[in-house]
Amino acid sequence: GIDDLNVTGGRLIGNTIYHNCTSGINVEGTSGNYLVENNIAVDNAVYPAYKGISCSRRAGNIGIWDSAPSSTTVNSNLVSLSKSGTMYVFGSSFSTLATMRAATHQEQSGLQADPQFAGAGSGNFQLTAGSAAIDSADSAASGEQDADVLGHSRVDTVGTPNTGSGPRAFDDRGAYEFGGGGTPPPPPPPPPNNPPVARLSVSPASGTAPVVVTANASSSTDPEGQPLSYRFDFGDGIVAGPQSSATATHTYGAAGNYQVSLTATDSGGLSSSATASVNIARPATAPVKYIGQIATNYSTNRHTSGSVTVWRTGGVTAGNLMVVTASLTGTTAGTVSGTDGAGDALTVASDILDATGHRLIVLSGVASTGLAPNQTVTVSFPSAATYRITADEVQGASVPDAHAEAAGTSTAFSSGPTGTTTAADFVFSTVGAYSGSAPAWTAGWGALSSYAVGADYLGRAYQVSSGPGGFTGSGTTSGSWLAATVAFR
């Protein structure tokens with residue numbers, strides 16, 4: 001081993017010390033100002049001497065004794081014991097590196113691990129692949145050499161992370177450099193990553209609403225053969241993915257020409273896109289008609305969503321329009337969305353918020369496959385102190401055309417006029433009255449029952465129009481109010 005008695009200013013750097021009867025590295029007496037770094041010390045002071053002679057001298061793989069601890073630094077050493085014993089002495093004795101580090105704050109980069117010698121029993125203390133000593137030393141340590149004990153230069157081992165420090169983060173701990181004899185040439189640069197080639201088909205590409213369409217990106221390829229993820233945008237506000245599956249299905253409940261977009265992304269983050277068109281025709285329907293109320297619900301507790309349950313015996317007919325109105329208090333601006341129990345999306349057709357946290361939202365969507373009794377329609381919104389939700393069913397209309405909104409406190413309420421519609425068939429108007437009275441509608445509007453919760457009211461009315469125009473929902477109430485009118489075609 002290495003024994004320093006009454007020596008000042010020593011540097012013990014890059015040694016391999018194995019199976020000594022006493023301490024592997026021993027700094028004692030009046031010794032001080034020592035640096036002990038990048039050494040490997042294994043199985044010292046735990047086995048008897050040659051021919052079984054017992055040892056009663058100082059213990060520890062590394063021992064810093066007497067006056068030495070106050071001015072000695074130990075760091076970046078690798079230690080190991082194959083049986084219980086003293087791992088370190090630094091003023092006090094410690095059985096593990098972790099307890100020594102916690103007590104002294106020394107060995108912040110120290111390792112307790114098997115160094116994986118090539119053949120310690122035969123005196124071969126060179127390192128083998130996978131040793132924790134490889135590429136982990138501090139090359140900035142005073143006295144660290146550019147070559148190992150055999151004269152081999154330092155080598156950055158391919159495939160081993162450089163966890164060392166200093167100007168070379170790949171020096172090995174101990175006396176031997178793994179793979180020494182020269183620095184291997186750098187690996188060849190990897191080939192560049194090219195973006196994938198996105199290809200998209202849709203089936204069917206046309207039909208009469210409602211239509212279930214499958215988007216298929218399975219013909220997409222990647223030049224390097226990397227796995228792809230797929231994101232489908234169906235052009236009506238509905239997005240599927242990113243996902244590993246190359247196909248996705250979607251139901252179009254409303255007429256229109258839709259552009260389906262695919263984004264294919266490889267594991268390197270490169271993307272490409274493709275598009276395909278879907279043409280959905282409006283179904284032949286009976287004349288526009290208000291069918292009736294689907295359900296209502298309210299809460300006076302704070303929520304971020306609310307739902308209504310279909311109570312009508314016949315449920316909601318497939319292909320009919322659902323108009324859902326939500327009146328909120330104590331809320332803010334933010335995203336509002338809806339869905340029904342069959343997976344149909346509801347989108348916002350009108351939205352107005354006043355300065356006191358009242359908000360009135362009209363959502364709509366086609367019940368593509370219909371709803372059975374006890375299925376739900378859910379609306380999600382920013383946190384609200386209270387909500388009132390109503391849902392109505394309409395035949396012969398499917399998408400919003402134009403809308404208008406207004407707020408006020410006068411006894412006469414008015415949404416203001418919508419823009420001129422293209423071919424309005426069904427016009428829906430609603431008013432939320434807060435701490436007021438039940439609304440009354442002006443002539444020409446088919447008033448529906450007001451939904452009252454305490455002194456707050458949610459009123460609704462409708463018209464069936466014969467063609468394009470502008471429409472204003474109006475009437476009287478009291479308290480503050482929000483009003484909205486939406487024309488559907």
Side-chain angles (χ1 to χ4, degrees), residues 206-211 235-237 252-259 277-294 316-325 338 344-352 360-368 390-408 412-432 439-448 459-475 481-489:
S206 62
T208 300
V211 181
D236 61 353
Y252 289 98
N257 293 317
Y258 300 98
Q259 192 82 348
S277 296
V278 175
N279 186 9
I280 306 298
R282 182 174 180 172
T285 62
V288 174
K289 179 181 178 181
Y290 175 77
I291 299 299
Q293 192 173 72
I294 298 171
V316 178
T317 301
N320 277 359
L321 176 70
M322 297 175 292
V323 180
V324 179
T325 309
D344 300 303
L346 300 172
T347 56
V348 174
S350 174
D351 187 1
I352 182 170
L360 184 66
I361 308 116
V362 178
L363 303 97
S364 67
V366 173
S368 58
T390 65
D392 295 281
E393 180 180 1
V394 178
Q395 172 186 284
S398 58
V399 292
D401 192 346
H403 60 92
E405 303 85 16
F413 70 83
S414 172
S415 66
T418 68
T420 300
T421 63
T422 58
D425 286 327
F426 181 81
V427 185
F428 180 83
S429 192
T430 182
V431 60
W441 294 87
T442 56
W445 286 96
L448 302 171
R460 294 136 40 246
Y462 72 93
Q463 294 181 18
V464 175
S465 93
S466 59
F471 303 90
T472 301
S474 61
W481 51 262
L482 299 174
T485 299
V486 182
F488 294 91
R489 56 180 171 83

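Reckoned from all heavy atoms, side chains included, excluding hydrogens, waters and symmetry mates.
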Item to complete: Hey, could you give me the CG/OG1 distance between Asp401 and Thr420, rounded to the nearest 0.5 Å?
Response: 10.0 Å
Worksheet item: Rounded to the nearest 0.5 Å, how far apart are CH2 of Trp441 and CD of Gln463?
Response: 10.0 Å
Worksheet entry | Audit row: Ile291, Val394, side-chain contact (heavy atoms from CB on, under 4.5 Å) steps and yes/no | CA-CA 5 Å; Ile291 299 299; Val394 178; 5.9 Å; no
Fill in: Criterion side-chain contact (heavy atoms from CB on, under 4.5 Å) on Asp425 and Val464, from CA distance to verdict
CA-CA 6 Å; Asp425 286 327; Val464 175; 5.8 Å; no
Fill in: Which atom of Pro417 lies closest to which atom of Ala404, heavy atoms considered
O-CB, 3.4 Å
Practice prompt. Check Ser368 against Pro210 and note the closest heavy-atom contact, atom names and distance.
Written response: O-CG, 3.3 Å
Worksheet item: Rounded to the nearest 0.5 Å, how far does NE2 of His403 lie from OG of Ser364?
Response: 11.0 Å
Fill in: Residues in salt bridge (charged side-chain N to carboxylate O under 4.0 Å, His left out) contact with Asp344, at least two apart in sequence or another chain
none
Discussion item. What's the separation between atom OG1 in Thr325 and atom CG in Asp392, rounded to the nearest 0.5 Å?
Written reply: 6.5 Å
Practice prompt. List for me each residue that meets side chain to side chain donor-acceptor pair (under 3.5 Å) alongside Tyr258, sequence neighbours excluded, and say none if there are none.
Written response: none
Item to complete: Could you pull out all residues at least two apart from Phe428 that satisfy ring pair (Phe, Tyr, Trp, His ring centres under 6.0 Å)?
Response: none
Worksheet entry | Residues which pass side-chain contact (heavy atoms from CB on, under 4.5 Å) with Thr317, listed by chain and number, not counting sequence neighbours | Asn320, Glu393
Item to complete: Output yes when a side-chain donor or acceptor of Thr421 lies under 3.5 Å from a complementary backbone atom of Gly469, and no otherwise.
Response: yes
Worksheet entry | Phe471 backbone acceptor or donor facing Thr418 side chain under 3.5 Å | yes
Discussion item. Quick check: do Thr347 and Leu363 have side-chain heavy atoms less than 4.5 Å from each other?
Written reply: no
Worksheet item: How long is the gap from OH on Tyr252 to CD1 on Ile280, to the nearest 0.5 Å?
Response: 7.0 Å
Practice prompt. Identify the two heavy atoms, one from Ile352 and one from Ala407, that lie closest to each other, and give their separation to 0.1 Å.
Written response: CD1-N, 3.8 Å
Practice prompt. Spell out, as yes or no, whether a donor-acceptor pair under 3.5 Å connects the side chain of Ser350 to the backbone of Val486.
Written response: no
Worksheet item: What heavy-atom pair brings Thr430 and Gly459 nearest, and what distance separates the two atoms?
Response: OG1-O, 2.8 Å
Worksheet, complete the sentence: Smallest heavy-atom separation, Ala440 atom then Phe413 atom, equals O-CE2, 3.8 Å
Discussion item. side-chain contact (heavy atoms from CB on, under 4.5 Å) for Leu346 and Met322? Distances and angles first, verdict last.
Written reply: CA-CA 8 Å; Leu346 300 172; Met322 297 175 292; 3.9 Å; yes
Practice prompt. Taking side-chain contact (heavy atoms from CB on, under 4.5 Å) as the test, write out the residues that go with Ala406, two or more places apart.
Written response: Trp481
Worksheet item: Excluding sequence neighbours, so at least two apart, what forms salt bridge (charged side-chain N to carboxylate O under 4.0 Å, His left out) with Asp236?
Response: none
Discussion item. Evaluate Thr390 against Arg460 for side-chain contact (heavy atoms from CB on, under 4.5 Å), listing each step before the verdict.
Written reply: CA-CA 9 Å; Thr390 65; Arg460 294 136 40 246; 3.4 Å; yes
Practice prompt. Find out whether Thr472 and Thr485 are in side-chain contact, i.e. whether some heavy atom of one side chain is under 4.5 Å from a heavy atom of the other.
Written response: no
Worksheet entry | Closest heavy-atom pair and its distance - Trp445, Ser474 | NE1-N, 4.3 Å
Discussion item. Working to the nearest 0.5 angstrom, can you tell me the gap between Ser398 OG and Phe488 CZ?
Written reply: 10.0 Å
